[in-house]
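Working notes, beginning with the structure itself.
As the structure is a prediction and not an experimental result, all values here were calculated from the model.
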Number of protein chains: 2
Amino acid sequence: MRTLLTMTEKTDGATKTPRPYHHGDLRRAILTAALDVIAADGPFALSLRDLARRAGVSHAAPAHHFKDRTGLLTAIAAEGFGLLAQTIRDAADLKDAGVRYVRFAREHPAHFQVMFAPDLLRADDLELTTARALAGDALREAVTAVNPENRGTDARLAGIAAWSLAHGFATLLLGRNLDDPVGDRDPEEVFRTLATMLFRSA
Amino acid sequence: MRTLLTMTEKTDGATKTPRPYHHGDLRRAILTAALDVIAADGPFALSLRDLARRAGVSHAAPAHHFKDRTGLLTAIAAEGFGLLAQTIRDAADLKDAGVRYVRFAREHPAHFQVMFAPDLLRADDLELTTARALAGDALREAVTAVNPENRGTDARLAGIAAWSLAHGFATLLLGRNLDDPVGDRDPEEVFRTLATMLFRSA
DNA sequence: CCCACAACTTGACACTGACAAGATTGCCCG
DNA sequence: CGGGCAATCTTGTCAGTGTCAAGTTGTGGG
């Protein structure tokens, strides 16, 4: 009631009525609002009723697009894995994939957080599993395409190592655990150094 | 059912009633119950009232020991950092510290999860910050005590790398993201291989 | 044109965290 | 020994939440 029409006037043609019963793109509105809340205060602070208020709809409207709270978070995670897959796919080499992984976590912190919080997700959701598989394929491809100078190490282990390093760095970064060690240096540049430490082949 | 131990007769109570009005060690009981719930279903599934029910006390009893939900989780995180510090301190070298880090995450998944979920914690809590500082000291000590053959790399960067690798591996492990890559191999042994990949000096 | 379906609303219920005020008890100090 | 005091626990209450059920409104395809 207090937020009749905030600045949610995105792509509507007839922008006269304050609340035209049909929102137009409520699903997207709820998603972006949820991403804002999660990025600011974490997934715990997320309230479906609050999201509905922000979008200017009734408290039960979100349930029609996402069945319940878990459904909303699952949709976010699926979207995140899709974005990540696309990002990794364009990587030049494995180190670049790692850099992009870290960049993704920083640019999409809400997605990243939810993607790796399995208790919040519907594990058997189709969109989620397919998107996750896509991201996994992209990661595996980046690993196998690495310059195979280190023949002695199993490619699978190299993949685990690369993923662990990137994931740990990104996670600690988002949790503000590396503020003083990294300082004001560019995190991506720091990670590049870490990656060379892992795979120094030449 | 729940009222069988309240309204007891007015006996002396020195040797008769096992658990009268006063629980005895309610704080510990709530903590361990909370750890069970978190390990099973994550911190989101945690309900103060449910914990009170499990302990056989009234719904408002936990609030006396931990001010609120955040207070309970903060206490868990502080305890976790204390345990971690003690574990890391006993490490032989840096690789052993990493192995112990991973082992800690697997043996105390609830602690580990809460420790690195800053939105759930009271950041300025004294016990938490001191325990965290202790753990940080132990980690830093393990890093600086490493065999300094790799002169070229900054010790600080080496610390970030080691922590990132261990933390990422542990996190992915807990999130069940490494089930098929690791397979039935011992995770600690797998991590040992990763660690040697990071620091191969000879 | 109309009607079946999608989008949204209203209402209700059980549950939760948090607060306030009262009850009970261990125990310290006289 | 015993009285009071503070810690511990209870009862009661309130606003807020997720989720279900049933009704209302708009819209696009036959």
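Screening residues 39-77 of chain A for ring pair (Phe, Tyr, Trp, His ring centres under 6.0 Å) gives A:F44-B:F44 as the qualifying pairs, with residues at least two apart or on separate chains.
Ring geometry for A:W163 versus A:Y101: interplanar angle over 60°, hence perpendicular rather than tilted (30 to 60°). The aromatic rings of B:H108 and B:F104 lie tilted to each other, with the angle between the two planes from 30° to 60°.
Here the P atom of nucleotide C:dC15 and the CZ atom of B:R53 are 8 Å apart, to the nearest Å. Following rounding to the nearest Å, A:H64 (NE2) and D:dC20 (P) show an atom-to-atom distance of 14 Å. The nearest whole Å value for the distance from the CG atom in B:D68 to the C1' atom in C:dT16 is 13 Å. As a whole-Å value, the separation of B:R27 CZ from D:dC9 C1' is 16 Å. Atom CZ in A:F66 sits roughly 16 Å away from atom P in D:dC20 (whole-Å rounding).
Contacts of A:H65 with the nucleic acid, taken as non-hydrogen atoms under 4.0 Å apart, involve only primed sugar atoms and P, OP1 or OP2. Nucleic acid contact for A:A63: none, since no nucleic acid atom lies under 4.0 Å from a heavy atom of the residue.
For DNA chain D, the residues of residues 41-51 of chain A within the heavy-atom distance limit of 4.0 Å (strictly under) are A:L46, A:S47, A:L48, A:R49, sorted by number.
Checked by distance alone, B:H59 brings a side-chain donor or acceptor within 3.5 Å of a matching partner on the base of D:dG12.
Ion pairing of B:R176 with B:D179 is absent here, as no side-chain N (NZ or NE/NH1/NH2) approaches a carboxylate O to less than 4.0 Å.
The side chain of A:R69 sits closest to D:dT19 out of D:dT19, C:dT10, C:dC19.
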